[in-house]
Amino acid sequence: MAIMITTSPIPMITMMMFLMIISPSTCTPPEDPIHCSNSSAAANNTNCTITNSYGAFPDRSTCRASSATYPTTEEELVAAVAEGTRARRKMKVATRFSHSIPKLVCPDGDDGLLISTKFLNRVLAVDKEVMTVTVESGVTLRQLIETAAEAGMALPYAPYWWGLTVGGMLGTGAHGSSLWGEGSAVHDYVAEVTVVSPGTAADGYVKVRRLTEGDGELNAAKVSLGVLGVIYKVTFKLQPLFKRSLNYVKKDDKDLGDEVVTFGSKHEFADLSWFPSQGKAIYRIDDRVPSNTSGNGKYDFIPFRSTLSFALAVLRSAEETQESTKDANGKCLSGKLRTSALHSAGFGLTNNGLTFSGYPVTGYHNRLQASGTCLDSPNDGLTTACPWDSRIKGEFFHQTTFSINLSVVKDFIHDVQSLVAMDPKSLCVLDQYNGILMRYVAPSSAYLGKQENGLDFDLTYYRSKDPTSPRMFEDVLEEIEQMAVFKYGALPHWGKNRNVAFDGAMKKYRHGKEFLKVKEKYDPLGLFSSEWTDQVLGLKSGLMIVRDGCGLEGLCVCSEDRHCAPSKGYFCRPGKVYKDARVCSNRSVNWD
Ligand SMILES: Cc1cc2nc3c(=O)[nH]c(=O)nc-3n(C[C@H](O)[C@H](O)[C@H](O)COP(=O)(O)OP(=O)(O)OC[C@H]3O[C@@H](n4cnc5c(N)ncnc54)[C@H](O)[C@@H]3O)c2cc1C
Ligand SMILES: *[C@@H]1O[C@H](CO)[C@@H](O)[C@H](O)[C@H]1NC(C)=O
Ligand SMILES: *[C@@H]1O[C@H](CO)[C@@H](O)[C@H](O)[C@H]1NC(C)=O
Ligand SMILES: *[C@@H]1O[C@H](CO)[C@@H](O)[C@H](O)[C@H]1NC(C)=O
Ligand SMILES: *[C@@H]1O[C@H](CO)[C@@H](O)[C@H](O)[C@H]1NC(C)=O
Ligand SMILES: *[C@@H]1O[C@H](CO)[C@@H](O)[C@H](O)[C@H]1NC(C)=O
Ligand SMILES: *[C@@H]1O[C@H](CO)[C@@H](O)[C@H](O)[C@H]1NC(C)=O
């Protein structure tokens with residue numbers, strides 16, 4: 001629905017924010033990411049395409065596979081891998097939702113096979129005695145949390161979004177926020193994994209391995225980018241279910257750089273949302289409390305709720321108008337409106353499951369740790385949807401997500417603050433997407449996991465439907481991206497980001513070589529690898545896609561003006577704080 005906003009967008013936006021917040025409880029569930037031109041049951045799902053939940057990979061290519069298969073049991077899965085290996089087909093594991101941004105899920109060539117975990121979604125065992133739960137890899141975070149809670153157990157740290165699968169979380173190193181316990185990543189609570197990989201003719205073309213604690217290869221399987229084969233099942237070691245108590249405190253961001261260094265060790269579930277152009281940060285003060293503390297709070301995060309498509313279209317149109325008129329004041333104003341609307345609605349928190357009457361919100365961990373009610377059926381013909389559903393006109397964004405060693409994070413924050421000081425309105429563009437989410441991560445035994453105590457920064461920002469269209473203040477965002485990756489040696493989130501963030505990534509992992517050895521052993525023909533995973537793993541060149549306009553989409557670091565949009569006034573310029581950066585900027589001055 002196209003809505004033209006001409007005179008006064010702000011009251012309209014305010015109304016739409018209100019509509020967003022009171023949105024209904026039914027929703028059209030996200031689309032299946034795999035489409036086969038022939039999907040009748042008898043026809044074996046041939047001639048398929050796959051995309052991610054946003055409907056676009058960073059380079060906007062379409063991924064194809066000659067067929068897709070949906071095993072429902074371990075036997076069927078093993079048979080599928082054997083058949084694919086015998087035929088020497090490229091294979092990739094696909095999930096029900098395909099939430100990763102980079103094209104990890106694309107098999108190369110014309111004869112690819114997608115193996116979906118959509119129907120590998122059963123809980124296999126719950127052992128209250130030793131506190132473990134074993135699930136098939138297509139089980140979602142939501143199912144895992146619910147299953148554990150029913151048995152009085154908890155996964156202490158996890159992503160905040162229900163829709164991720166166990167296989168996908170392990171595939172990309174997904175995490176929540178904590179410096180406590182074993183660390184904030186889901187894979188840090190994995191005790192056992194069963195992997196199905198290609199085998200030799202003598203093996204019947206398939207090999208099933210059970211990896212347990214102490215087995216070095218488990219450290220490869222914990223974060224695998226999907227290149228070791230298919231993870232069939234995973235055993236998690238859990239904790240007794242507990243209660244926690246959460247408080248959001250808004251402060252100015254002057255001393256943020258100092259505060260973040262110690263904040264993470266003070267509170268078990270600490271995180272922060274930073275709004276640099278507002279000069280504010282929201283501190284999440286969140287800790288375990290004794291289980292007899294009263295409260296039955298619940299978190300149903302508003303941006304993860306089903307939202308009226310109409311409201312989403314209006315908000316998107318307003319963004320597009322601001323972009324086309326370069327309306328920085330409008331961005332700042334609507335960003336502030338959104339921030340304050342969310343804040344006064346308690347972000348979707350309730351003290352008792354129904355109403356929000358103030359902080360602290362105390363309740364059982366499983367009701368507070370994650371949410372995502374926009375995943376729910378029944379189908380309402382897209383009247384409502386998840387805000388980023390690509391079938392409607394809604395959110396469309398880039399995401400730049402990296403973690404920085406705690407030892408240097410203060411300097412990074414100061415650099416960002418210096419950039420903002422030169423251009424105070426520039427980072428209003430983040431406010432529309434809830435600011436910079438900052439979460440604590442801890443070192444992991446996983447070869448491709450975090451190396452050091454660090455802070456993970458999640459920047460979400462407008463992306464045009466037109467890849468040749470520059471965006472407001474993209475020079476500032478690009479400088480932050482390059483500063484993080486190249487100056488501060490930040491580690492990328494494997495399931496998010498644009499190409500730039502993966503440049504040189506493998507050199508940052510102490511055990512990167514061990515990972516590659518396990519990959520070579522499990523899949524010597526590279527059937528589960530693709531050009532993209534080889535590039536990310538440093539085995540092949542071409543990660544940076546150098547072509548006209550490549551800088552605009554983060555496919556390259558610009559080195560010539562044509563990598564930006566010279567006809568639209570955007571040229572390749574050095575950074576302002578990090579002089580080695582090369583960014584697409586509309587500035588007339590050269591900052592050397
Ligand atoms: C709304 C939203 C919120 C998010 N919040 C967080 C967050 O709080 N923290 C965080 O860290 N991340 C978060 N993410 C990112 C997320 O962790 C990753 O994108 C994750 O990989 C997606 O999981 P998925 O199940 O959709 O897997 P996919 O994206 O489908 O797959 C990811 C990779 O894993 C492989 N894979 C999947 N299953 C298997 C298997 N069984 N065996 C072998 N390989 C497999 C795939 O082949 C692919 O390479 C969020 C994403 C979204 C969309
Ligand atoms: C789809 O599969 C059916 C059954 O095998 C076949 O008859 C039909 O020709 C196929 N259609 C296309 C478009 O491939
Ligand atoms: C589907 O696959 C089965 C088993 O591989 C095969 O016997 C059958 O002929 C296939 N059907 C089509 C329409 O290709
Ligand atoms: C495969 O599907 C595409 C549409 O996705 C269609 O254009 C093409 O003709 C199909 N090819 C075959 C061989 O069926
Ligand atoms: C909770 O239990 C502890 C000891 O078991 C007791 O000291 C405390 O008073 C109780 N608190 C509440 C709020 O009931
Ligand atoms: C560059 O773009 C920003 C917003 O994107 C705008 O505020 C600024 O005025 C522009 N500068 C020039 C020199 O056009
Ligand atoms: C981050 O920590 C790791 C591990 O200690 C170290 O190897 C690396 O050099 C550090 N990076 C920076 C930029 O400080």
Side-chain angles (χ1 to χ4, degrees), residues 30 33-38 43 46-54 62 64 66 71 77 81 91-107 110 114-118 120 135-141 157-177 184-187 193-197 221 223-234 271 289-295 301 303-304 362 369-372 374-375 386-388 395 397 399 401 403 437 439 441 456 458 460 493-497 528-530 532-533 536:
I34 303 175
H35 288 277
C36 300
S37 68
N38 206 339
T46 51
N47 189 23
C48 309
T49 60
I50 181 153
T51 183
N52 58 21
S53 61
Y54 312 100
T62 304
R64 314 198 67 88
S66 67
L77 171 62
V81 174
M91 292 174 268
K92 279 288 172 190
V93 189
T95 64
R96 164 63 184 88
F97 299 113
S98 195
H99 279 121
S100 291
I101 293 174
K103 46 182 200 176
L104 287 166
V105 76
C106 300
D110 297 328
L114 295 171
I115 301 175
S116 172
T117 61
K118 183 176 179 179
L120 294 174
V135 297
E136 289 182 324
S137 63
V139 156
T140 60
L141 178 60
Y157 318 110
Y160 298 172
W161 162 245
W162 275 343
L164 311 174
T165 66
V166 164
M169 291 189 290
L170 263 55
T172 63
H175 59 84
S177 186
S184 67
V186 171
H187 57 255
V193 165
T194 298
V195 195
V196 183
S197 309
V223 181
S224 72
L225 311 189
V227 300
L228 301 183
V230 191
I231 291 174
Y232 166 60
K233 65 176 179 180
V234 179
D271 74 24
V289 293
S291 56
N292 60 355
T293 314
S294 69
F301 189 48
F304 293 169
T362 304
Q369 70 184 123
S371 69
C374 73
L375 292 169
C386 291
W388 53 84
E395 292 179 353
F397 46 75
Q399 223 166 27
T401 305
S403 47
L437 177 60
R439 293 187 283 191
V441 293
D456 182 88
D458 226 315
T460 306
H493 190 305
W494 297 114
K496 302 186 184 182
N497 284 303
F528 280 90
S529 291
S530 62
W532 171 254
T533 58
V536 164

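Side-chain atoms are counted along with the backbone in the values below, which use heavy atoms only and exclude waters and symmetry mates. We count ligands from 1, going down the list as the structure has it; atoms in each ligand are counted the same way. Bear in mind that the values here come from a model prediction, so they are computed numbers and not experimental data.
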Numbered atoms and elements of ligand 1 in range of Leu225, under 4.0 angstrom, heavy atoms:
49 (O)
Closest to atom 28 (P) of ligand 1 among protein heavy atoms sits Thr95 OG1, 3.7 Å
Identify which of Lys103, His175, Lys233 has a heavy atom lying nearest to atom 9 (N) of ligand 1.
His175
Enumerated ligand 1 atoms positioned under 4.0 Å from heavy atoms of Gly171:
34 (O)
re atom 27 (O) of ligand 1, the protein heavy-atom contact at minimum distance is Gly168 CA, 3.3 Å
Counting non-hydrogen protein atoms only, what is the nearest one to atom 22 (C) of ligand 1? Give residue, atom name and distance.
Leu164 CD2, 3.6 Å
contact_flag Tyr232 ligand 1 heavy-atom lt 4.0 Å
no
Derivation of the side-chain contact (heavy atoms from CB on, under 4.5 Å) call for Asn497 and Ile101:
CA-CA 7 Å; Asn497 284 303; Ile101 293 174; over 6 Å; no
Under 6.0 Å between ring centres, would you say that holds for Trp161 and Phe304?
yes
Looking only at heavy atoms, which two atoms of Gly163 and Phe97 are closest? And how far apart?
O-CD1, 3.1 Å
Nearest 0.5 Å, please: how far is CG in Leu77 from CG in Leu120?
6.0 Å
Among protein heavy atoms, which lies nearest atom 3 (C) of ligand 1, and at what distance?
Trp161 CB, 3.3 Å
Could you tell me the separation between the CZ atom of Arg64 and the CG atom of Asp110, rounded to the nearest 0.5 Å?
9.0 Å
Sub-4.0 Å heavy-atom contact, Thr117 with ligand 1:
yes
Could you state the interatomic distance from CG (Leu114) to CD1 (Ile50), rounded to the nearest 0.5 Å?
5.0 Å
Nearest protein heavy atom with distance in Å, relative to atom 42 (N) of ligand 1:
Ile231 N, 2.8 Å
Checking the side chain of Ser371 only, and the main-chain atoms of Phe301 only, is there a donor and an acceptor separated by less than 3.5 Å?
yes
Lys92 near ligand 1 by a heavy-atom separation under 4.0 Å:
no
So, is Tyr54 polar-close to ligand 1, with some N/O to N/O distance under 3.5 Å?
no
Side chains of Tyr160 and Gln369, donor plus acceptor under 3.5 Å:
no
Would you check whether Ser53 has a nitrogen or oxygen atom less than 3.5 angstrom from a nitrogen or oxygen atom of ligand 1?
no
Determine, using heavy atoms of Tyr160 and all atoms of ligand 1, whether some pair is separated by less than 4.0 Å.
yes
For Val93, is at least one N or O under 3.5 Å away from an N or O on ligand 1?
yes
Start with the C-alpha gap between Ile115 and Met91, add the side-chain angles, then the distance that decides, and say whether side-chain contact (heavy atoms from CB on, under 4.5 Å) holds.
CA-CA 7 Å; Ile115 301 175; Met91 292 174 268; 4.0 Å; yes
For atom 10 (C) of ligand 1, the protein heavy atom that lies nearest, with its residue and separation
His493 NE2, 3.3 Å
Considering the heavy atoms of His99, write down every atom of ligand 1 situated less than 4.0 Å from one of them.
19 (O), 22 (C), 26 (O), 29 (O), 53 (C)
Checking the N or O distance criterion of under 3.5 Å, is ligand 4 in contact with Asn47?
yes
Using modelled atom types and a 3.5 Å cut-off, is there a donor and acceptor pairing between side-chain atoms of Ser529 and backbone atoms of Val227?
no
Atom of Lys496, atom of Pro102 and distance for their closest heavy-atom approach
O-CG, 3.2 Å
Donor-acceptor contact present, side-chain Thr117 to main-chain Ser137, <3.5 Å:
no
Name the residues in contact with ligand 5, where contact means a heavy atom under 4.0 Å away: which are they?
Asn292
Interfacing atoms of ligand 1 (cut-off 4.0 Å, heavy-atom, Gly495):
19 (O)
How far is atom 33 (C) of ligand 1 from its nearest protein heavy atom, and which residue and atom is that?
Thr172 CG2, 4.0 Å
Does NZ or CZ of Arg439 come closer than 6.0 Å to the centre of the six-membered ring of Tyr157, within 45° of the ring's axis?
no
Numbering the atoms of ligand 1 from 1, which are under 4.0 Å from a heavy atom of Gly226?
44 (N)
Sub-3.5 Å donor-acceptor pair from the side chain of Trp162 to the main-chain atoms of Thr140, do we have one?
no
Relative to ligand 1, is Lys496 under 4.0 angstrom through side chain, backbone, both or neither, heavy atoms considered?
side chain
Which of these, Leu437, Asp271, Val441, sits in a side chain to side chain contact (heavy atoms under 4.5 Å, CB included) with Asp456?
Val441
Should you measure from each heavy atom of Arg439, which atoms of ligand 1 turn up under 4.0 Å away?
7 (C), 8 (O), 9 (N)
For ligand 1, which atoms have a heavy atom of Trp388 less than 4.0 angstrom away?
1 (C)
Protein contact of atom 48 (C) of ligand 1 - nearest heavy atom, named by residue and atom, plus distance:
Leu104 CB, 3.8 Å
Closest approach of Leu141 to Pro159 (non-hydrogen atoms, all atoms of both residues):
CD2-O, 3.4 Å
Is there a side-chain contact (heavy atoms from CB on, under 4.5 Å) between Thr533 and Phe528? Walk through the geometry before answering.
CA-CA 9 Å; Thr533 58; Phe528 280 90; over 6 Å; no
Going by distance alone, is a donor N or O of one side chain under 3.5 Å from an acceptor N or O of the other, for Ser98 and Asn52?
no
I want to confirm something. Looking only at heavy atoms, which of Ser137, Ala94, Gly229 is nearest to atom 43 (C) of ligand 1?
Gly229
side-chain contact (heavy atoms from CB on, under 4.5 Å) for Val195 and Val193? Distances and angles first, verdict last.
CA-CA 6 Å; Val195 195; Val193 165; 3.7 Å; yes
